[in-house]
Amino acid sequence: MLDLKFIRANIDLVRQAITNKNEKADLDALLEADEARRSLQHDFDTLKARQNKVSQEIAKAKKAGEDAGEMLAEMAEVAEQIKEINANLSQANARLEEQQLRVPNVPHPSVPVGFNEEANRVVREWGAKREFSFEPLDHLELAEKNGLLDLPRGAKLSGSGFPVYTGAGAALERGLINFMLDMHIRDHGYTEVAVPILVNRKSMTGTGQLPKLEEDMYHIDQDDLFLIPTAEVPVTNLHAEEILKPDQLPLKYVAYTPCFRREAGSYGKDTRGLQRLHQFNKVEMVRFVEPEASYTALDEMLGEAEAILRALGLHYRVLELCTGDLSFASAKTYDIEVWAPGTGKYLEVSSVSNFEDFQARRAGIRKKDPQGKPYFVHTLNGSGLATPRLFIALLESCQTPSGGFELPDALKGHLPPGMGLTP
RNA sequence: GGAGAGGUGACCGAGCUGGCUGAAGGUGCACGCCUGCUAAGCGUGUGUGGGUCUAAAGCCCACCGAGGGUUCGAAUCCCUCCCUCUCCGCCA
């Protein structure tokens with residue numbers, strides 16, 4: 001959420017941001033609602049002041065045994081007016097909030113303007129596409145050969161996009177999660193948290209998934225709870241409505257959670273195997289930092305996500321997303337795409353974003369400056385990493401001519417022995 | 001799910017026979033004073049958001065879990081919901 005004062009003072013900038021991000025927020029409606037609200041608020045305050053004052057006089061008069069009939073009559077009327085204005089004010093506030101929640105974050109000036117992935121900039125590449133002396137199989141064929149997945153049975157249980165991992169496949173999935181968690185905890189200084197994967201509406205609004213993405217999420221009607229699309233939601237909201245202690249920043253959390261996405265409207269796109277799922281596992285890093293430190297933190301987190309792929313020896317490239325590809329809440333985002341030689345594509349395994357104070361303002365995450373004035377902190381998050389596409393790239397990259405695998409040493413200690421995958 | 005108790009400022013805790021309570025008292029914290037050091041002591045200050053104002057000060061409005069209601073006036077009375085604790089039931 002943007003500061004109303006900021007919006008008022010930077011209307012053109014915000015309008016441009018909406019356009020560049022392909023959003024549909026109605027700034028005029030917002031400004032109008034703001035105007036109405038402020039006018040009503042003023043009337044309300046004036047009447048309230050009058051009421052408070054006279055009410056005290058009534059109390060005094062009664063105490064002195066004087067007649068307060070005239071004042072009472074006036075106040076009956078004032079109370080009536082207040083009630084009416086208050087009703088209008090509530091409406092105006094609701095209307096304003098509705099508009100305000102739909103205004104996206106403003107992209108950082110360094111973000112390339114563009115409306116599709118062609119405008120994304122490749123920042124760097126690491127490693128090289130692996131060359132094979134044989135025709136590499138894709139992950140589905142490899143999984144089949146080695147009994148790592150049972151997608152048909154997943155579909156039987158829940159529908160397509162709900163994978164079943166079997167045997168060594170399940171062990172590898174679990175091993176990858178542990179490997180990544182351990183690395184972020186041990187090498188990158190994160191604190192692990194295990195959080196709910198069902199959250200309420202307020203949390204979803206705090207990080208910016210709501211109101212825009214309601215259709216993309218699984219919702220439990222009975223309790224009005226949502227299955228999280230990313231651990232970003234519960235982890236960032238950990239400190240919602242808090243004023244952090246002076247020495248509390250930076251905060252660095254890492255969490256493993258399953259993630260759920262309805263992927264409404266993307267049927268038939270990249271659906272082969274594990275490429276696009278309704279349920280998947282992800283290790284997510286979240287940081288709360290001082291405003292002036294957030295872009296340094298963004299670079300660090302990107303490096304921490306990359307470190308996973310480097311440790312696994314997987315070729316990848318880093319993309320700087322253009323305005324049109326930025327998420328609603330993000331000011332700047334890097335994507336990491338890993339090379340999957342069997343599939344023959346780069347697959348997105350990580351997204352690292354700086355939200356600046358956008359989420360903090362929505363969720364009420366603040367800290368006090370030395371003078372004691374509260375300000376909003378900056379929040380960031382980054383996948384580190386999402387497993388399905390990592391699983392794909394790993395299998396396809398590490399396959400041997402016989403259809404087996406030679407997995408990287410880094411996974412030693414994270415795979416149970418005798419699973420056919422041990423390096 | 002049933003019965004009961006309760007949700008007040010950073011924390012503890014009064015207020016809850018409606019008005020002078022944004023909220024006593026204490027702790028903590030900050031600054032100042034005092035003090036061989038430490039400890040103790042004294043003084044002052046110490047919520048958030050909005051508005052008014054060139055700015056500060058000042059003044060005004062809102063907020064005592066959330067939302068409604070009663071009333072001229074509610075932290076205080078009534079209703080609904082949420083949460084916490086205790087007991088019972090049920091179940092991984």
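Quick caveat, the model's predicted, so the values are computed rather than measured. First the proteins, then the strands, lettered A, B, ... as listed; each starts at 1.
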*Ignoring hydrogens and geometry, is there a side-chain-to-backbone donor-acceptor pair from A:N105 to A:A17 under 3.5 Å?*
no
_Rounded distance in Å between the P positions of B:rA57 and B:rC53_ = 15 Å
*Among B:rG50, B:rA62, B:rG19, find the nucleotide with the atom closest to the side chain of A:K48.*
B:rA62
*Pair partner, B:rU86 [Watson-Crick or wobble, under 3.5 Å]*: B:rA3
*When you measure from the side chain of A:I243, which nucleotide among B:rA62, B:rU48, B:rC60 comes out closest?*
B:rU48
*If pairing requires Watson-Crick or G-U wobble contacts with both distances under 3.5 Å, which nucleotide is the partner of B:rC64?*
none
*In whole Å, what is the span from the CG atom of A:N86 to the P atom of B:rG73?*
12 Å
_P atoms of B:rA5 and B:rA40, separation to the nearest Å_ = 42 Å
*Could you tell me the separation between the NZ atom of A:K373 and the C1' atom of B:rU48, rounded to a whole number of Å?*
9 Å
*Atom CZ of A:R361 and atom P of B:rG49: how far apart are they, to the nearest Å?*
11 Å
*Of all the nucleotides listed (B:rG73, B:rG50, B:rC61), which has the minimum atom distance to the side chain of A:R37?*
B:rG50
*asked:* Quick check on RNA chain B: between A:D3 and A:Q56, whose nearest nucleotide comes earlier from the 5' end?
replied: A:Q56
_Please report the distance, rounded to the nearest Å, between CD in A:E241 and C1' in B:rG65._
12 Å
*Which nucleotide in the set B:rC72, B:rA62, B:rG50 lies at the smallest distance from any side-chain heavy atom of A:K5?*
B:rG50
*P atom, B:rG65 versus B:rC11: distance in rounded Å?*
13 Å
*If we take the C1' atom in both B:rG28 and B:rG13, what is their distance in whole Å?*
14 Å
*Please determine, for B:rU17, whether a Watson-Crick or G-U wobble partner exists with both distances under 3.5 Å, and give it or none.*
none
*N or O in side chain of A:Q51 less than 4.0 angstrom from B:rG73 OP1/OP2*: yes
_Donor-acceptor under 3.5 Å (A:T191 side chain, A:Y253 main chain)_ = no
*Would a distance-only check, ignoring hydrogens and angles, find a side-chain to backbone donor-acceptor pair under 3.5 Å from A:R261 to A:T230?*
no
*Could you check which of B:rG50, B:rU48, B:rC72 has an atom nearest any side-chain atom of A:R366?*
B:rU48
_Give me the distance, rounded to whole Å, that separates B:rG43 from B:rC82 when you measure between the P atoms they each carry._
48 Å
_Between B:rG25 and B:rG47, how far apart are the two P atoms, rounded to whole Å?_
14 Å
_Counterpart base for B:rC11, defined by Watson-Crick or G-U wobble contacts under 3.5 Å_ = B:rG26
*Any side-chain heavy-atom pair from A:H184 and A:I308 closer than 4.5 angstrom?*
yes
*asked:* As a test of reading the structure: which of B:rC61, B:rU48, B:rG19 is closest to the side chain of A:D45, going by heavy atoms?
replied: B:rC61
*Opposite nucleotide pairing with B:rC59, Watson-Crick or G-U, both atom distances under 3.5 Å*: B:rG51
*Whole angstrom is fine here: how far is it from CG in A:D223 over to P in B:rC81?*
15 Å
*asked:* Can you tell me if A:K60 touches the phosphate of B:rG19, counting only side-chain N or O atoms and a distance under 4.0 Å to OP1 or OP2?
replied: no
_With a 4.0 Å cutoff (strictly under), does any side-chain N or O of A:K368 reach OP1 or OP2 of B:rU48?_
yes
*For the side chain of A:D150 and the backbone of A:R153, is there at least one donor-acceptor N/O pair under 3.5 Å apart?*
yes
*Report the nucleotide, chosen from B:rG49, B:rC61, B:rG19, that has the shortest atom-to-atom distance to any side-chain atom of A:P374.*
B:rG49
*asked:* Does B:rC61 have OP1 or OP2 under 4.0 Å away from a side-chain N or O of A:N52?
replied: yes
*asked:* Would the distance check show the side chain of A:R287 and the main-chain N or O of A:K252 forming a donor-acceptor pair, the cut-off being under 3.5 Å?
replied: no
*For B:rU35, what is the paired nucleotide under Watson-Crick or G-U wobble rules, both distances under 3.5 Å?*
none
*Please state the C1' separation for the pair B:rA14 and B:rG73 - nearest whole angstrom.*
23 Å
*asked:* From CD of A:Q41 over to P of B:rG50, roughly how many Å is that when rounded to an integer?
replied: 11 Å
*Sticking with atom C1', work out how far B:rC81 lies from B:rC29, rounded to a whole angstrom.*
36 Å
*Would you please confirm or rule out a distance under 4.0 Å between OP1 or OP2 of B:rU70 and any side-chain N or O of A:K83?*
yes
*Please figure out whether A:M71 or A:R50 has its closest RNA chain B nucleotide nearer the 5' end.*
A:R50
_Heavy-atom check, side chain of A:V286 versus side chain of A:T379, under 4.5 Å_ = no
*Examine the side chains of A:H278 and A:Y218 and answer whether a donor and an acceptor come within less than 3.5 Å of each other.*
yes
*Send over the distance from A:L89 CG to B:rG68 P, rounded to a whole Å.*
11 Å
*When the distance from CD1 of A:I58 to P of B:rA74 is rounded to whole Å, what number comes out?*
12 Å
*May I ask which nucleotide in the shown strands pairs with B:rA75, Watson-Crick or G-U wobble, both distances under 3.5 Å?*
none
